[in-house]
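So the structure is just underneath, and the comments pick up after that.
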Number of protein chains: 2
Amino acid sequence: MQDAPNRPYHHGDLRRAVIETALDMLREEKGWQFTLREVARRAGVSHAAPYKHFPDKAALLAEIAMIGFDRLRESLSAAKSEAPKTLRDEITPIAGAYVAFGTDNPALYRLMFSAEEGKAVGMHLNERALAVFDVLLDMLRRGQAAGSIRKRPIEGQAAAAWGLVHGMTMLAIDGLLVPEKVGSAPLDAALSTLLEGLASPAT
Amino acid sequence: MQDAPNRPYHHGDLRRAVIETALDMLREEKGWQFTLREVARRAGVSHAAPYKHFPDKAALLAEIAMIGFDRLRESLSAAKSEAPKTLRDEITPIAGAYVAFGTDNPALYRLMFSAEEGKAVGMHLNERALAVFDVLLDMLRRGQAAGSIRKRPIEGQAAAAWGLVHGMTMLAIDGLLVPEKVGSAPLDAALSTLLEGLASPAT
DNA sequence: ATACATTGTTGACAGTGACTACTTAAGGGG
DNA sequence: CCCCTTAAGTAGTCACTGTCAACAATGTAT
């Protein structure tokens with residue numbers, strides 16, 4: 001991210017550089033106290049330069065959160081297996097990818113779900129979040145079409161799945177899934193329970 | 001919370017007053033940007049007075065989070081029905097109380113799960129959180145003893161239940177459970193799925 | 001009563017987000 | 001070639017925050 005030695009007066013692509021720097025910072029510190037001035041400092045520009053590209057701090061955070069949701073969605077899509085034999089084979093990798101994304105990027109994941117939902121920008125953010133939800137929804141819809149999932153309204157079952165992986169991710173980030181309380185592989189165990197709940201009784 | 005007109009120099013019970021005021025503020029604003037100075041202001045005391053009772057802001061927040069966990073545990077205990085006929089009758093009110101606590105006190109609930117887990121005080125905090133978990137654990141243990149819950153390691157199933165209600169609570173707080181995406185009663189639907197997963201196959 | 005410990009107050013400091021006025025670089029038309 | 005417009009960055013200000021040190025008021029033990 002360091003520029004050429006004689007950096008021109010105009011950065012050229014400061015907007016992207018600011019976002020990149022912010023993402024780096026999010027990746028490093030898990031506690032994400034994120035000062036706009038330090039972003040500017042690390043990007044090598046003055047503390048007011050980002051204001052030429054973002055109206056305020058919240059706008060930058062919202063942008064980053066959106067990028068986070070996009071990446072999460074990509075992770076999930078990439079984790080889809082092509083020819084799943086069982087429902088478990090289909091769901092496990094996606095759920096694993098979801099939780100892994102959260103535990104690998106704890107500060108980013110926290111940020112994604114801590115933006116104010118009242119603001120207008122929150123609408124766009126929610127769009128991205130619901131796009132992630134759509135991946136789950138599609139998966140379950142296919143499973144239901146194939147007969148491996150209960151014939152119940154799919155939205156409710158998807159909500160259960162999302163709630164479960166979201167909750168497990170948050171608990172993992174907070175270090176609350178301690179083995180002596182919750183078993184050695186809580187995610188696997190929780191997934192087993194979820195799978196039983198989703199699977200159609202005939203199976 | 002207003003004192004007698006000629007308030008004495010020494011407040012008398014400032015520690016409790018500060019906590020009470022902070023809880024009030026948490027209840028009001030959902031965005032919880034929580035300034036120590038405003039707590040002092042609203043408690044009618046100078047801006048540095050709280051430092052005689054708390055080493056720093058984080059300590060106050062940790063204390064409040066612990067109180068939050070205690071109250072959550074009490075809510076769950078109070079929601080236990082005495083003679084549940086079915087597993088559903090046992091689980092539904094507790095899960096409902098859990099989510100209701102979160103949506104009724106969004107700022108407090110967020111705070112409870114956003115404390116740094118690395119600190120020493122985090123240990124005590126986790127203790128309280130795991131005490132909440134114990135309520136769920138006990139409930140499922142009773143269900144398993146009665147035969148209505150699958151004979152699987154109980155910790156994993158409790159993790160699933162906790163993850164699910166925690167996740168649903170967070171999503172609800174963030175306004176992500178929009179009806180057109182997720183159905184009209186996502187919690188009920190998710191609980192149904194969870195119940196199928198917990199229930200022993202014989203039933 | 002006098003010394004001490006506790007509790008609260010005042011004032012200061014560095015750091016922050018937000019904003020404004022100023023300066024510099026780059027490009028285009030005549 | 002020069003001037004002018006405009007985007008990009010800079011410096012400096014303002015109100016506010018968390019924290020700390022010095023000081024004042026109160027209660028308590030000797």
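Naming: A, B, ... by sequence-line order, numbering from 1 per chain.
Between B/S46 and the phosphate of C/dG8, there is no side-chain N or O to OP1/OP2 separation shorter than 4.0 Å.
Ranked by how close their nearest DNA chain C nucleotide is to the 5' end, A/P55 and A/E38 are led by A/E38. Positionally, the nearest nucleotide of DNA chain D for A/K52 lies more toward the 5' end than for the other of B/H47 and A/K52.
Between B/Y51 atom OH and D/dT19 atom P the separation is 3 Å, expressed in whole Å. In this structure, B/L60 places its CG atom 15 Å from C1' of D/dT19, rounding to the nearest Å. Note: CD (B/Q33) to C1' (D/dC16) measures 12 Å, nearest angstrom. In this structure, CZ of B/R16 is placed 17 Å from C1' of C/dT7, rounded to the nearest angstrom. Atom P of nucleotide D/dT17 and atom NZ of B/K57 are separated by 9 Å, given to the nearest angstrom. The CZ-P distance, from B/R42 to D/dT17, rounds to 13 Å in whole Å. At whole-Å resolution of the value, CZ in B/F34 and P in D/dC16 are 18 Å apart. Between the P atom of D/dA11 and the CZ atom of A/R41 lies a distance of 14 Å, rounded to the nearest Å.
Two residues are said to be in side-chain contact when any heavy atoms from C-beta on lie closer than 4.5 Å; A/F133 and B/V182 meet this criterion. Side chains of A/L176 and B/W162 form a contact here, defined as non-hydrogen atoms less than 4.5 Å apart. In this structure, the side chains of B/R128 and B/D70 come closer than 4.5 Å at one or more pairs of heavy atoms. You'll find the side chain of B/K80 stays beyond 4.5 Å of the side chain of B/M139, heavy atoms only.
Among the nucleotides D/dT10, D/dG18, C/dG17, the one closest to the side chain of A/V45 is D/dT10. For A/A48, counting side-chain heavy atoms from C-beta on, the closest listed nucleotide (C/dT20, C/dG8, D/dG9) is C/dT20. If you check D/dG18, D/dT10, D/dC20 against the side chain of B/L36, the one that comes closest is D/dG18.
A salt bridge is absent between B/R141 and B/D134: the closest approach of a Lys/Arg side-chain nitrogen to an acidic carboxylate oxygen does not fall below 4.0 angstrom.
Side-chain atoms of A/R37 stay outside donor-acceptor range of the base of C/dG15, with no qualifying N/O pair under 3.5 Å.
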